[in-house]
Amino acid sequence: MEHNSDADFEVPILSSSEVISRLQEKFGSHSEQPYPAMYSSIFGGVTTDPALMVIPIDDHMVHRGHAVFDTALIIDGHLYELDAHLDRFLRSASKAKILSPFDRSHLRTILVQTAAASKCKMGHVRCWLSAGPGDFLLTPPVGQPTSAFYAIVIKETYLPIKEGVSVVTSTTPMKSQEMATMKNVNYLPNALSKMGAEEKGSYSAIWVDDEGYIAEGPNVNVAFISKTNELLAPSFDKILSGCTAKRMLALAPKLVEQGWLTGIRVGNITVEEAKDAAEMMLVGSGLPILPITMWDGKPIGNGKEGPLTFSLSELLWEDMKAGPDSVRTPIPY
């Protein structure tokens with residue numbers, strides 16, 4: 001095989017129209033677009049052209065990871081727990097020292113209208129608040145707030161998950177308390193943790209903190225059912241305050257009232273206590289609950305999906321599809 005020398009290779013210099021044409025050819029050729037709408041404060045509106053769903057290369061989210069994000073599900077034409085996600089989003093932004101270019105009400109309106117422009121009835125809307133574009137320095141320009149807000153709608157079909165999966169204890173160190181409790185875009189430890197689990201044939205990994213207590217998964221919370229039917233969840237002091245996990249904890253008293261659960265406890269959970277549980281589950285947007293049947297090669301409980309895990313999943317699905325107005329925001333298509 002002949003190889004051209006460097007002298008024979010010429011990088012083309014493209015016009016704006018040629019760049020757009022090539023992007024549209026690459027990203028706009030699919031009959032079903034997975035990203036039906038995107039908002040950007042850079043151009044101040046919504047685009048439905050996937051070729052234009054871009055951000056500046058000098059945005060500090062790109063080259064410094066200085067940004068926060070959050071995600072809200074779209075279920076049957078409603079945004080689920082939009083306000084809870086938006087509150088956490090702004091708390092994260094405050095911790096990351098990013099000032100929003102819009103107030104909370106304006107941000108909420110943008111998310112609802114972007115979802116409406118997408119015409120998507122099931123999926124999710126993901127949003128980012130970054131320190132913004134302007135240079136390639138470590139910190140954003142002083143005295144010139146350039147923060148940027150982006151949001152994109154992603155089509156996805158969600159169904160209750162019935163089949164359990166296996167997990168392993170993460171060999172990738174978990175993030176510090178400050179970083180873990182802030183939903184920022186620095187997800188390399190998360191990605192490496194999950195990749196390490198997948199390399200071992202497992203679905204995900206579980207982080208254990210430096211005191212030996214159960215923490216969370218790379219992008220999900222974790223919960224357990226004890227052998228006395230008590231719902232156990234790690235406290236949110238050192239981990240991300242999961243909106244879905246908190247909603248599960250708010251709904252779980254119904255199972256206590258019905259006599260299925262004996263109680264609910266949020267606090268420190270040792271590895272020994274966790275591995276001795278009757279049931280184990282991952283909790284997060286899009287699951288919303290995933291049964292865990294094996295951990296580090298050993299069964300949880302009897303090694304089968306647990307009935308109380310399914311009961312909690314059903315509670316959440318019912319809430320997502322027919323819950324109160326406080327958690328379901330209609331999208332004005």
Side-chain angles (χ1 to χ4, degrees), residues 61 64-71 84-85 88-89 91-98 126 128-129 164-226 231-249 265-277 279-298 300:
M61 175 164 66
R64 300 299 180 191
H66 194 172
V68 298
F69 77 103
D70 222 299
T71 304
H85 285 283
R88 184 176 64 181
F89 182 60
R91 287 197 305 270
S92 295
S94 177
K95 290 181 179 181
K97 299 183 179 180
I98 301 172
R126 182 168 298 187
W128 295 265
L129 190 56
V165 298
S166 67
V167 296
V168 295
T169 301
S170 179
T171 56
T172 301
M174 66 181 290
K175 292 185 282 191
S176 67
Q177 179 175 350
E178 183 179 9
M179 293 294 106
T181 56
M182 178 200 318
K183 197 169 176 67
N184 61 81
V185 300
N186 295 291
Y187 260 46
L188 182 56
N190 308 61
L192 292 176
S193 179
K194 187 164 172 56
M195 288 174 69
E198 291 172 349
E199 288 167 359
K200 296 176 181 177
S202 289
Y203 174 82
S204 190
I206 302 298
W207 268 317
V208 177
D209 69 21
D210 54 9
E211 295 182 90
Y213 296 120
I214 301 300
E216 60 185 339
N219 61 342
V220 286
N221 291 105
V222 61
F224 306 86
I225 303 293
S226 74
L231 173 61
L232 310 175
S235 64
F236 299 110
D237 296 341
K238 298 180 181 180
I239 62 175
L240 188 68
S241 178
C243 294
T244 305
K246 292 178 76 173
R247 187 61 183 163
M248 177 193 71
L249 292 170
R265 175 163 64 89
V266 178
N268 291 330
I269 304 170
T270 65
V271 174
E272 182 180 14
E273 183 180 16
K275 289 190 173 183
D276 189 51
E279 301 178 34
M280 178 179 178
M281 66 201 81
L282 297 178
V283 186
S285 297
L287 295 176
I289 289 181
L290 176 60
I292 303 300
T293 54
M294 298 283 290
W295 185 2
D296 288 336
K298 296 182 179 180
I300 294 295

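All residue numbers refer to positions in the sequence shown, counting from 1.
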Pairs where residues 282-293 contributes a residue and the test salt bridge (charged side-chain N to carboxylate O under 4.0 Å, His left out) is met, not counting sequence neighbours: none
Minimum heavy-atom distance A277-I225, with the two atoms named: CB-O, 3.5 Å
Nearest heavy-atom neighbours spanning P234 and V266: O-CG1, 3.7 Å
Non-hydrogen atoms of A215 and I239 that approach each other most closely: O-CD1, 3.4 Å
side-chain hydrogen bond (donor to acceptor under 3.5 Å, both in side chains) involving R265 - partner list, sequence neighbours excluded: E273
Distance in Å, M280 CE paired with W295 CH2, rounded so as to fall on 0.5 Å steps: 4.5 Å
Closest non-hydrogen atom pair, G65 against V185: O-CG2, 3.4 Å
Side-chain heavy atoms of E279 within contact of P291, under 4.5 Å: no
Sequence neighbours excluded, every pair satisfying side-chain hydrogen bond (donor to acceptor under 3.5 Å, both in side chains) that has a member inside residues 208-221: E211-K238
M294 side chain reached by V167 side chain, heavy atoms, under 4.5 Å: no
Pair S202-S166, side-chain donor/acceptor within less than 3.5 Å: yes
Donor-acceptor under 3.5 Å (H66 side chain, A96 main chain): yes
Sequence-distant partners of T293, side-chain hydrogen bond (donor to acceptor under 3.5 Å, both in side chains), two or more places apart: none
Verdict with reasoning, F224 to I269, per side-chain contact (heavy atoms from CB on, under 4.5 Å): CA-CA 10 Å; F224 306 86; I269 304 170; 4.1 Å; yes
Partners meeting side chain to side chain contact (heavy atoms under 4.5 Å, CB included) with D276 (sequence neighbours left out): K227
Partners passing side chain to side chain contact (heavy atoms under 4.5 Å, CB included) against S193 (at least two apart in sequence or in another chain): S170, T172, A205, W207, P218
Pairing residues for D296 by the side chain to side chain contact (heavy atoms under 4.5 Å, CB included) criterion, not counting sequence neighbours: V168, T169, K275
Under 3.5 Å: donor-acceptor pair, side chain of N184, backbone of M182: yes
Sequence-distant partners of L287, side chain to side chain contact (heavy atoms under 4.5 Å, CB included), two or more places apart: I161, Y203, V220, L282, L290
Approximate separation, where rounding is to 0.5 Å, of I292 CD1 and M281 CE: 9.5 Å
S241: partners by side-chain hydrogen bond (donor to acceptor under 3.5 Å, both in side chains), with sequence neighbours left out: K246
Partner set under ring-ring contact (aromatic ring centres under 6.0 Å, His included) for Y187, not counting sequence neighbours: F69
A274 versus I214, closest heavy-atom pair with distance: CB-CG1, 3.7 Å
Any pair counted as salt bridge (charged side-chain N to carboxylate O under 4.0 Å, His left out), so long as it reaches residues 167-195, sequence neighbours left out: K194-E198
Min side-chain heavy-atom separation L129-F89 under 4.5 Å: yes
Check: D70 main-chain N/O paired with H85 side-chain donor or acceptor under 3.5 Å: no
side-chain hydrogen bond (donor to acceptor under 3.5 Å, both in side chains) involving R247 - partner list, sequence neighbours excluded: D319
